Amino acid sequence: MESVDLSQTEKELIRESWATVNQDPQHHGIVLFTRLFDLEPDLVKLFQYNSTQFCSAEDCLASPDFLQHVRKVMLVIDTAVNTLENLPSLQEYLIGLGKKHQAIGVKTESFITVGESLLYALDKGLGPAFSTHSREAWTKLYSGLVKTMSCGWQEGKEGE
Ligand code: HEM
């Protein structure tokens with residue numbers, strides 16, 4: 001991922017807030033995806049394990065296979081938070097991840113909705129401790145992540 005212009009204070013805000021949320025990644029990940037499915041209900045259809053579609057967001061959110069995806073998303077964010085000093089080292093991985101999601105049928109706009117849902121989950125998890133400054137820092141970090149995944153998405157599209 002390209003370098004993101006974060007000040008030392010912003011990096012600290014991100015690390016601090018993530019340390020709290022990451023104490024229970026499954027819970028906060030479920031809050032994130034519940035919000036995502038409220039905003040974009042059609043995304044549920046893209047999660048198919050053993051070629052079976054879920055009947056509802058509730059079914060999807062209760063599935064152990066899907067919960068592995070929640071874990072994967074939280075791990076990617078955790079990796080980014082632990083790599084704030086060298087975000088370009090994640091470039092290749094995120095390009096590959098963008099390509100993979102293009103093949104699955106995810107649209108780049110949905111990556112942006114995941115970002116909004118992440119802010120929602122942080123807000124719910126941290127309450128008043130989630131300051132405007134912290135929110136801005138997270139927006140910068142997540143935007144960088146989406147930008148790189150979207151480059152990979154575009155490469156996947158062009159390779160079709
Ligand atoms: C926009 C909504 C998204 C949808 C609908 C979606 C859907 C999927 C699906 C269907 C898979 C394959 C099955 C699985 O591994 O469970 C997958 C894999 C994965 N997703 Fe997502 N995803 C989304 C967003 C994201 C985001 C934002 C991240 C990371 C920040 C992410 C990280 C991953 C990872 C790490 C894998 C495993 C890739 C691998 O096997 O190498 N996903 N996703």
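First listed ligand is number 1; within each ligand, the first listed atom is number 1. Quick caveat: nothing in here was measured; it's all calculated off a predicted structure.
The part of Leu97 lying near ligand 1 is the side chain, judged by heavy-atom distances below 4.0 Å. Using a 4.0 Å cut-off between heavy atoms, Phe37 makes no contact with ligand 1 at all.
Using a cut-off of 4.0 Å between Lys/Arg side-chain N and Asp/Glu carboxylate O, Glu85 and Lys11 are scored as salt-bridged.
Closest of all the heavy-atom pairs between Arg35 and Tyr120 is NE-CD1, 3.5 Å. Considering all non-hydrogen atoms of both residues, Leu141 and Met1 come closest at O-CE, 3.5 Å.
The single protein non-hydrogen atom nearest to atom 16 (O) of ligand 1 is Tyr49 OH, 2.6 Å, given as residue, atom name and distance. In this structure, atom 25 (C) of ligand 1 lies nearest to the protein heavy atom His101 NE2, 3.5 Å. Looking from atom 30 (C) of ligand 1 to the surrounding protein, the closest heavy atom is Val76 CG1, 3.7 Å. Atom 11 (C) of ligand 1 has as its closest protein heavy atom Ile104 CD1, 3.4 Å. Counting only heavy atoms of the protein, atom 18 (C) of ligand 1 lies nearest to His69 CD2, 3.6 Å. Lys100 NZ, 4.0 Å is the protein heavy atom nearest to atom 40 (O) of ligand 1. In this structure, the protein non-hydrogen atom closest to atom 36 (C) of ligand 1 is Lys72 CD, 3.8 Å. When only non-hydrogen protein atoms are considered, atom 28 (C) of ligand 1 lies nearest to Val73 CG2, 3.7 Å.
Shown in contact with Leu46 at under 4.0 Å from a heavy atom are these atoms of ligand 1, numbered in order with element: 5 (C), 10 (C). Of all the atoms in ligand 1, the ones that sit under 4.0 Å from a non-hydrogen atom of Tyr142 are 27 (C). Close approach of ligand 1 to Val114 (heavy-atom distance below 4.0 Å) involves ligand atoms 1 (C), 2 (C), 27 (C).
Residue Tyr93 has no N or O atom closer than 3.5 Å to an N or O atom of ligand 1. Between Ser110 and ligand 1, no N or O atom pair is found at a separation short of 3.5 Å.
Note: Phe33 and Phe66 meet the aromatic proximity criterion, with ring centroids under 6.0 Å apart.
At a cut-off of 3.5 Å, with distance as the only test, no side-chain donor of Gln102 or Glu155 sits close to an acceptor on the other residue.
Heavy-atom separations between Gln68 and ligand 1 are all 4.0 Å or longer. Taking 4.0 Å as the cut-off, Phe33 does not count as a neighbour of ligand 1 on heavy-atom distance. Distances shorter than 4.0 angstrom do not occur between any heavy atom of Phe66 and any atom of ligand 1.
Here CG of Leu75 is found 6.0 Å from OG1 of Thr79. Values are rounded to the nearest 0.5 Å. To the nearest 0.5 Å, atom CG of residue Leu94 and atom OG of residue Ser89 are 9.0 Å apart. Separation of atoms CD (Gln53) and SG (Cys60) is listed at 10.5 Å; rounding is to 0.5 Å.
Counting only heavy atoms from C-beta outward, the side chains of His28 and Leu126 never approach each other to under 4.5 Å. Proximity of Met74 to Trp18: side-chain heavy atoms (C-beta onward) are separated by under 4.5 Å at one or more points.
Put simply, the residue from Thr34, Leu119, Val31, Val21 that forms a side-chain contact (heavy atoms from CB on, under 4.5 Å) with Lys124 is Val31.
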